[in-house]
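Single-structure report; data block below.
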Amino acid sequence: MTSGGPGTPPEPSHRYTAALAGRIEQAWQDRWEEEGTFHTPNPSGSLTDGDGQHADPSAPSFFVMDMFPYPSGAGLHVGHPLGYIATDVVGRYRRMRGENVLHALGYDAFGLPAEQYAVQTGQHPRKTTEENIATMRRQLRRLGLAHDPRRSFATTDPEYVRWTQWIFLQIFDAWYDAEAVRPDGGRGRARPVAELVAEYEAGTRALPEAWAGETWDVLDAVERRRVVDGQRLAYVSETPVNWCPGLGTVLANEEVTAEGRSERGNFPVFKRNLRQWNMRITAYADRLADDLDVIDWPEKVRTMQRNWIGRSEGAMVTFDVIGGEEVEVFTTRPDTLFGATFMVVAPEHPLLDEVPTHWPDGTHAVWTGGHKTPTAAVAAYRASTAAKTAVERQADAGKKTGVFTGHVAINPVNGDMIPIFTADYVLWGYGTGAIMAVPGGDERDFEFAQAFELPVIHTVQPPADHPGGAYTGDGVVVNSRNEEIVLDGMDVATAKATITAWLEGRGVGKGTVTYRLRDWLFSRQRYWGEPFPIVYDEHDLPIALPAEALPVDLPDVPDYSPRTFDADDVHSMPEPPLGRNEDWVNVTLDLGDGPRTYRRDTNTMPNWAGSCWYYLNYLDPGMRDVVVDPELERYWLGPEHNAAAGTSGGVDLYVGGVEHAVLHLLYARFWHKVLYDLGHVTSVEPFRRLFNQGYIQAHAYTDARGAYVQAAEVVEDAASPTGFTWQGQPVTQEYGKIGKSLKNAVTPDEMYEAYGADTFRVYEMSMGPLDLSRPWETRAVVGSQRFLQRLWRNVVDEETGEVTVTDDAPGTETLRVLHRTIDEVTTEMEAMRFNTAIARLIVLNNHLTSLDRVPRAAAEALVLMTAPLAPHVAEELWSRLGHPASLIREPFPVADPAYLVVDSVTCVVQVQGKVRDKLEVSPDATEDALRELALASPRVQRALDGRAVRTVIVRPPRLVNVVPA
RNA sequence: GCCCCCGUAGCCCAAUCGGCAGAGGCAGCCGGCUUAAACCCGGUCCAGUGCAGGUUCGAUCCCUGCCGGGGGCACCA
């Protein structure tokens, strides 16, 4: 406990040092655990508080949550706990405000990081995952987080997997009825497939378009299954998917970067036609976009989700092609139809499977690409675009290439013959993969028209100063009339509505909404994930396993590492590791018609599956009969479950990094809405309030060769041209992510050792606003330690360990500082501005330091206010101040308004906005009195220097501004 | 290329409605304690708010343009 060598005078034996802090912290952590201090009571059921009581009905519920951590093998650095500390402070504060707080932390333990770590260490992923979780639990326990330990779990727990698979089967067993009315009044909701079948059997619903001409009663059993399977919210289909040989698995669109590489690992991704599981998230596109308006999320994240969904309103228009074909296009600008001078289809478009054998009359030389026939030209262009990698496509964006297809279409509004081109600036994956090109109204079309000598017609009058080219703005419509309709003179919006109605009347078009969002590719060819609870029969159609058969456990396989390939191997095929166990794959089951042999699905679910519903599992983890107890769901998550929950309901505060803005948060919202439609939850949204914390980064240093050196060993050195040296040589300061690669890692364990957990917590919270990224600076941590040391000294004698507070009433000045602090700290805590809350606490603390004896009333209030931030030292001081029970539910101090009023305030007197005098005035001085006082001031008179007064602006009681003539 | 966020003291950051630019911390400097040093204690220095305009009695705050940093989107018809 003492520091220094022999002969050094010992430190005061009761000083709040790192060693003492460590002893206090661990003792309280043990006591909290023994007493069940953080056991959060449910309103009913087996989970009660530490005293065996259920939730107090008069206490509002508050559900605070952190984004699910991966238990990575690398361990934590000081950046990781930032959000956990913040949610802990919120949770502890809210408990002291009398709320019933639910806060727990589980582990997202399936997925690539866990699997890769297992592969590296040559052990089974379950073993390494469990070890990693144990390490992380230990590191986090030392932080003193007030989590309910009974509610922690991992996504890999068999009981959790059971319900993940169960929810999958709910989605598999559901279809989307776009016409059904929801409880909230909107249209469109998921319904059980059984209801669809019942309607088909009763003949009250027509079969889907693909089965036109058939009726349910004439279909055989396999055909009926195909009809239904095609409509399930989870379905198998053979579609172009993102195949990533480097990872050995297929990926969702959301996991592929704009550069066409995997978000994890940055490997090339190729489009391949493969049979894979998909989730029909597109059915929820509108609701996912619309409901962003009813939740309290950062605008940035809502914008990112809206952009990803990419809702776009316009019209489908059908163009006849000479020779009998037709092409449907999607356009957001049907008003510009009269300006369509050509069409473009994507190279993958089926219209190109057959093209004319000769160039039609009027074909420009530049249109042919030098080929003798359209057949040759199109084949060559298709081949060249297919060979392009995503990276090349990216690099070529903007360059307009293409070729005339020989096809000619007829513009439905005026009968004009217009050539059809193919070009890769039209994407097969969006809309219909075909466009009408309006070079007068679209910049891309204009560029293409320039390159291929195509005519330009403006249908909106450009302003006089328009530089030429496409005009995309609003204005007066021109050049747009036929025998039946005149758009000329209208504005764009009116013209859109008018022409859409006309198209619909003629049966050649229809107002439509399209989305950028694609269905969610849901299968992965990895080992460490949830197996699909699906088997296939001899027809190769999926069959759900019954709920009693869940969970489907992962089989043992000879090799669980994924088969990866050369990252650029386009011809490789995914090979699921689960397929390596024949005994598991081929299974005999009795699914109602006697024992038969089935083949299991060998894919696993993506990592996102487990994080799609984990918030529900916190309510009542472990064995249970339902996915979530309806009473608990209403209590913790339901609409209006507390004053801030609103009509959406959901988790009251969800804190995590912005990197999940689209992926996890979109998927989880989708699953939640399916569960809502099927009646399993009453909340419309899973996360009512989202908060993105910033990142903690750190300085890193490179030597002359550009190699990173140990940041911890770098010293400031004015003699170095760079300002820093490492082992005597100059090094350059950089800034970046904390980690091994930049040699700048600092771990929480080092902080516990050198300062204690409370100091670490206070430092992390005091560095700046929670949503801002900031640099870690170990040498600044001492400031937080000094604060706690001073707090300690205000209560405890460092030499004797005696409590030194006096029971005498505090003086007026102390009461004022105290109550002003309570008032300000309350405001700051409510707004999650912990950095400024800490600043106020320091002010009060420093004030108490200046007194001869610290009054108990002030000390106790300060200890209670510090408790959410530095809980261990607060508990210790509270205990030493004579309170045997934990302060966890002690009421947070409340300011007495009597001490918030002041006798006098400083009134600033300005002349023309410049401060010329200051007056001490009563806080309720009137406007007239202040004006008189100000004008009487000699300094004001001097500043006026004889000028007349034009006007006097008075803002009682703090400001008077005299404006000279 | 387009969109969003951020630029305040050597550093991290404060500043309700547009009203005295400074709450807190780090570092520095001075002093106290100490045989000396660290710890600790007291004191102190430090910016006119990235730049240029505009609106206003008054601008860190509102508007326009530019510079720097961070993020998102990127042929989406």
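Side chains included, hydrogens not; waters and symmetry mates left out as well; all remaining heavy atoms used.
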(request) For C73(B), give its Watson-Crick or G-U wobble partner with both distances under 3.5 Å, or none. (result) G1(B)
(request) Would you mind reporting whether Met316(A) and Thr514(A) have side-chain heavy atoms less than 4.5 Å apart? (result) yes
Please tabulate, one pair per line, each protein N/O and nucleotide N/O from nucleotides 24-30 of chain B that are separated by under 3.5 Å, including the distance.
| unit_1 | atom_1 | unit_2 | atom_2 | d |
| --- | --- | --- | --- | --- |
| C26(B) | OP1 | Arg786(A) | NH1 | 2.3 |

(message) Can you tell me which nucleotide in A77(B), C73(B), A14(B) comes closest to the side chain of Asn835(A)?
(response) A14(B)
(request) For atom CD of Glu659(A), decide whether the heavy atoms of other residues, nucleotides or ligands shown that lie under 6.0 angstrom number more than 12. (result) yes
(message) Once hydrogens and angles are ignored, does a donor-acceptor distance under 3.5 Å link the base of C75(B) to the side chain of Lys399(A)?
(response) no
(message) Between the base of G19(B) and the side chain of Gln910(A), is there a donor and acceptor pair under 3.5 angstrom?
(response) yes
(request) Could you check which of C20(B), C41(B), A77(B) has an atom nearest any side-chain atom of Ser312(A)? (result) A77(B)
(message) Between Tyr425(A) and Gln789(A), which residue's closest nucleotide on RNA chain B lies nearer the 5′ terminus?
(response) Gln789(A)
(request) Write down the distance between NZ (Lys400(A)) and P (A77(B)), rounded to a whole number of angstrom. (result) 14 Å
(message) Using atom C1' in both nucleotides, what's the gap between A14(B) and C51(B) to the nearest angstrom?
(response) 24 Å
(request) Quote, to the nearest angstrom, the P distance that separates C6(B) from C61(B). (result) 12 Å
(request) List the protein contact pattern of nucleotides 59-64 of chain B with one symbol per nucleotide (5' to 3'): B for base contact, S for sugar-phosphate-only contact, - for none; contact means a heavy-atom distance under 4.0 Å. (result) ------
(request) Answer yes or no: does atom CZ of Arg816(A) have more than 12 heavy-atom neighbours from other residues, nucleotides or ligands under 6.0 Å? (result) yes
(message) Quick check: do Tyr755(A) and Tyr763(A) have side-chain heavy atoms less than 4.5 Å from each other?
(response) no
(message) For G58(B) and Arg955(A) - does any side-chain N or O of the residue sit under 4.0 Å from the phosphate oxygens OP1/OP2?
(response) no
(message) Just to be sure I understand the rule, does Pro964(A) reach a base, reach only the sugar-phosphate, or reach nothing, if contact means heavy atoms closer than 4.0 Å?
(response) nothing
(request) Look at Arg302(A) together with Glu299(A) and state whether they make a salt bridge at an N to O cut-off of under 4.0 Å. (result) yes
(message) Under 4.0 Å, heavy atoms only, any strand: does Ser773(A) hit a base, just the sugar-phosphate, or nothing?
(response) sugar-phosphate
(request) Take Met343(A) and Phe421(A) through the test side-chain contact (heavy atoms from CB on, under 4.5 Å) and record every step on the way to the result. (result) CA-CA 6 Å; Met343(A) 293 179 77; Phe421(A) 286 75; over 6 Å; no
(message) Measuring only the C1' atom in each nucleotide, how far is G48(B) from G19(B)? A whole number of Å is fine.
(response) 16 Å
(request) Kindly label the base of G48(B) as syn or anti, based on whether its glycosidic torsion lies within 90° of 0. (result) syn
(message) With rounding to the closest Å, how many angstrom separate the C1' atoms on G65(B) and G25(B)?
(response) 37 Å
(message) With the 90 degree cut-off around zero defining syn, does C17(B) come out syn or anti?
(response) syn
(request) Scan Glu824(A) against the nucleic acid and name what it touches under 4.0 Å (heavy atoms): base, sugar-phosphate only, or nothing. (result) nothing
(request) Quick one: label Thr951(A) by what it contacts on the DNA or RNA (base, sugar-phosphate, nothing), any heavy atom closer than 4.0 Å. (result) nothing
(request) Grab the CG-P distance between Asn307(A) and G71(B) for me, whole Å please. (result) 18 Å
(request) Could you give the distance separating C39(B) and A23(B) at their P atoms, to the nearest angstrom? (result) 27 Å
(message) With rounding to the closest Å, how many angstrom separate the C1' atoms on C13(B) and G7(B)?
(response) 13 Å
(message) Could you work out, with salt bridge (Lys or Arg N to Asp or Glu O under 4.0 Å) as the rule, every residue matching Glu799(A), not counting sequence neighbours?
(response) none
(message) Just the rounded figure in Å: distance from P of A74(B) to CG of Leu427(A).
(response) 11 Å
(request) Please tell me if the side chains of Arg761(A) and Val89(A) come closer than 4.5 Å, counting only heavy atoms from C-beta onward. (result) yes
(request) Check the distance between C41(B)'s P and Trp792(A)'s CH2 and give it to me in whole angstrom. (result) 16 Å
(message) Using atom C1' in both nucleotides, what's the gap between C46(B) and C12(B) to the nearest angstrom?
(response) 15 Å
(request) Any strand is fair game: report the nucleotide pairing with G28(B) by Watson-Crick or G-U wobble, both distances under 3.5 Å, or none. (result) U44(B)
(request) Considering only atom C1', compute the distance from U8(B) to C75(B) and round it to an integer number of Å. (result) 42 Å
(message) Please confirm whether the shortest side-chain N or O distance from Gln912(A) to OP1 or OP2 of G58(B) is below 4.0 Å.
(response) no
(message) Check whether Tyr425(A) forms a cation-pi arrangement with Lys400(A) (NZ or CZ under 6.0 Å from the six-membered ring centre, at most 45° off the ring normal).
(response) yes
(message) Give me the atom names and distance for the closest heavy-atom approach of Gly473(A) to Val460(A).
(response) O-CG1, 3.9 Å
(message) Base of C20(B), side chain of Arg958(A) - is there a donor-acceptor contact under 3.5 Å?
(response) no
(request) Quick one: list whatever passes ring-ring contact (aromatic ring centres under 6.0 Å, His included) with Trp297(A), sequence neighbours left out. (result) none
(message) Just to verify, what does Thr800(A) make a side-chain contact (heavy atoms from CB on, under 4.5 Å) with, not counting sequence neighbours?
(response) Asp797(A), Glu802(A)
(request) Round to a whole Å and report the spacing from CG of Asp797(A) to C1' of C40(B). (result) 14 Å
(request) Sort out the partner of C66(B) for me: Watson-Crick or G-U wobble, both distances under 3.5 Å, none otherwise. (result) G50(B)
(request) Taking all non-hydrogen atoms of both residues into account, name the closest pair between Gln733(A) and Tyr701(A) and its distance. (result) NE2-OH, 3.1 Å
(request) Using whole Å, report how far CD of Glu328(A) lies from C1' of A77(B). (result) 14 Å
(message) Which nucleotide wins on minimum distance to the side chain of Arg774(A), given the candidates A23(B), C12(B), A77(B)?
(response) C12(B)
(request) For the residue pair Glu764(A) and Ile696(A), establish whether any side-chain heavy-atom pair is separated by less than 4.5 Å. (result) yes
What pairs of nitrogen or oxygen atoms, one from the protein and one from nucleotides 2-5 of chain B, lie under 3.5 Å apart?
none

(message) If you compare all heavy atoms of Gly79(A) against all heavy atoms of Ile738(A), which two are closest, and at what distance to 0.1 Å?
(response) N-CD1, 4.3 Å
(request) Let me know, please, whether Pro775(A) or Ala434(A) comes out on the 5' side of the other along RNA chain B by nearest nucleotide. (result) Pro775(A)
(request) Figure out the CG/P separation between Leu851(A) and G42(B), and round it to whole Å. (result) 12 Å
(request) Send over the distance from Asp771(A) CG to C13(B) P, rounded to a whole Å. (result) 11 Å
